[in-house]
There are 2 protein chains.
Amino acid sequence: MRSQSEPTQSAGKRAAPPYEQIKLFLKERLENGHWTPGALMPSEADLVAKFAVSRMTVNRALRELQLEGLVDRVQGVGTFAAQLHRVSSSLTIRDIHEEVLERGHVHHATVHLAKAESASATAAQRLGVGLNASVFHTVIVHYENGVALQCEDRYVNPECAPDYLSVDFTKITPTHYLLDVAPLWEARFAVEAGLPTAREAKLLGLKITDPVLIVSRRTVNRGVPITQARLVHPAGRYQIDGVFKP
Amino acid sequence: MRSQSEPTQSAGKRAAPPYEQIKLFLKERLENGHWTPGALMPSEADLVAKFAVSRMTVNRALRELQLEGLVDRVQGVGTFAAQLHRVSSSLTIRDIHEEVLERGHVHHATVHLAKAESASATAAQRLGVGLNASVFHTVIVHYENGVALQCEDRYVNPECAPDYLSVDFTKITPTHYLLDVAPLWEARFAVEAGLPTAREAKLLGLKITDPVLIVSRRTVNRGVPITQARLVHPAGRYQIDGVFKP
DNA sequence: GAAATATACTTGTCTAGACAAGTTTGCGCA
DNA sequence: TGCGCAAACTTGTCTAGACAAGTATATTTC
């Protein structure tokens, strides 16, 4: 017969493995403030005794909480409840198509430019290639339920995606396509406010004095630039959201 | 004598433990494209043989790569190189003081409002408390090297931080203070472009037609609202950056 | 040739040690 | 009373199994 604190099995659906039950127990204690940030938590030995499991099982639970940023561990000292500021302020920028679908809305795109060019100084600087290098350049507008949501101005390195220009970007986003053909290993991006260019204003149905949210993103693999995109969104029509709840 | 592929120890500094060496080996192979996303990677048994370690050691390496989003694992099938789009698009919003210091610059703050109020409809809605509930309200401008960078308009729940108004916010940021006294467990935030209010424009030295980057952030613990902040940044003076490189 | 079954392979998870390494606490001695 | 050392506690990491559970492959049977 298992002790009261021993990881148990419920009727019907399979119970979570003991290491997950221990994680959940500790998470709940953290959530209800039993240990405020900086507070010392029970040692591995304590938890081994409490849950009647092996130390490796307890260790896995604690290490995963540590990797999730919920606890801090110091060799020889102990395990402490963590302050959650850093982990609670993370957010993820999504592919526009996926984002719109997740809202239960309809995404469509119109292609306004798709051609090979010699890189201008701006293009070269944005993509990280040499002046006059051959680059692919697309300008696409994305809509949610018929409303312009994003103007995507993108340069692509032909070396990484030679067939880029033959793709129908009314059916698949460049982001999605490039994921398949040009896997990334590094990315840099920035989020800022600004004003649209005249062209962007026109494509988005804005005045050039209307504020926009600009996400710039550049991806690289093995030192080779893959793509650089400038994603422009009308203020009031688009925001990036984040939620944190362990 | 250790085999060629056995985790080894280098002269001088202590070698990484075997599980970390295996992670590094696999990361390097992933980085150089040896396995492109979706490709099947060696099984745990293969890696056990290759590195002459126990299966638990290999398992830990793979599981941590999985938690970092670099590989996908399917029980009974195998381990696969992951597509990195989602994990590569994450970024973290920092405390302004810490961010400025990290750039090697000087941060200072001026306090323009710090008082207890009855929550207006706007304040109540923003913080998630009842209309006319007592709330603390501060308006603070943060500078980097003397240049206004952020106007912070914040409401705080007195229940969570009763001594909030007695704090000198020219010496510590509200974010930092609240971290200590009112640990969070949940957070919601949004990043968008917009225009400043007349007051924000004045405090930031802007015209009300100048675009701004607005970060809204609300934190909660055990269902109780802690704080809500509207952080307004002049376009051109501030951006949120992210870098991804496993 | 298809279906059923067995076998093999793979990940998921656990145990019960073990030793390394770091830190804290307690004890003995000057 | 303070210092040095030993003991105890704690996390870091590893081993060598073991069994569970999922999937893929091979074999057997109809």
Side-chain angles (χ1 to χ4, degrees), chain A residues 2-3 5-10 12-26 30 35 38-82, chain B residues 2-3 5-10 12-26 30 35 38-82:
Chain A
R2 290 175 177 235
S3 72
S5 57
E6 196 161 313
T8 63
Q9 235 143 333
S10 346
K13 105 174 19 168
R14 175 150 15 117
Y19 88 89
E20 278 200 13
Q21 294 180 43
I22 296 168
K23 278 180 74 179
L24 185 58
F25 168 85
L26 296 173
L30 287 165
W35 303 294
L40 182 67
M41 292 165 65
S43 66
E44 288 185 2
D46 287 339
L47 295 170
V48 164
K50 180 182 178 68
F51 288 99
V53 295
S54 83
R55 201 186 139 216
M56 292 315 299
T57 300
V58 163
N59 180 268
R60 179 173 171 176
L62 289 170
R63 244 185 320 95
E64 288 192 7
L65 290 176
Q66 180 184 29
L67 291 174
E68 288 164 34
L70 303 185
V71 306
D72 296 318
R73 294 187 17 108
V74 184
Q75 182 172 0
V77 183
T79 302
F80 302 87
Chain B
R2 293 177 174 233
S3 72
S5 59
E6 197 160 312
T8 65
Q9 232 144 334
S10 347
K13 103 171 22 168
R14 175 145 20 109
Y19 87 90
E20 279 200 13
Q21 294 180 45
I22 296 168
K23 277 180 75 177
L24 185 59
F25 168 85
L26 295 171
L30 287 165
W35 303 294
L40 182 67
M41 290 166 65
S43 65
E44 290 185 1
D46 288 339
L47 295 170
V48 164
K50 181 182 179 65
F51 289 99
V53 294
S54 83
R55 202 190 137 213
M56 292 315 299
T57 299
V58 163
N59 180 267
R60 178 174 173 176
L62 289 169
R63 246 185 318 96
E64 289 193 7
L65 290 176
Q66 179 184 27
L67 291 173
E68 287 165 34
L70 303 186
V71 306
D72 295 317
R73 295 190 12 112
V74 183
Q75 179 173 1
V77 182
T79 303
F80 301 86

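Every heavy atom of this structure was used, including side-chain atoms; hydrogens, water molecules and symmetry mates were not. Quick caveat: nothing in here was measured; it's all calculated off a predicted structure. Sequence lines set the chain letters: A, B, ... in the order given, protein chains first and strands last, and positions in each chain run from 1.
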Requested in this report: For side chain to side chain contact (heavy atoms under 4.5 Å, CB included), just list the numbers for B:Phe80 and B:Val71, CA-CA rounded to whole Å, side-chain angles, deciding distance to a tenth of an Å, and then say yes or no.
Outcome: CA-CA 6 Å; B:Phe80 301 86; B:Val71 306; over 6 Å; no
Report summary line: Once base and sugar-phosphate atoms are separated, protein heavy atoms under 4.0 Å mark nucleotides 7-20 of chain C, 5' to 3', with B, S and - as ---BBBBBBBBB--
Which atom pair, heavy atoms only, marks the closest approach of [X] to [Y]?
| X | Y | result |
| --- | --- | --- |
| A:Pro42 | A:Trp35 | CD-CZ2, 3.2 Å |
| B:Ala81 | B:Met41 | N-SD, 3.6 Å |
| A:Val77 | A:Leu40 | O-CD1, 4.4 Å |

Query raised in the report: Are B:Gln21 and B:Phe51 close enough that some pair of their side-chain heavy atoms sits under 4.5 Å apart?
Result: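 Not in contact.
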Could you go over nucleotides 25-27 of chain C and give all protein N or O partners under 3.5 Å, atom names and distances?
none

Query raised in the report: Are B:Asn59 and B:Glu44 linked by a side-chain donor-acceptor pair shorter than 3.5 Å?
Result: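 A pair is found: one side chain offers a donor N or O, the other an acceptor, under 3.5 Å apart.
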Query - Contacts of type salt bridge (charged side-chain N to carboxylate O under 4.0 Å, His left out), residue A:Glu20, not counting sequence neighbours - result: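 With neighbours one apart ignored, the set is empty.
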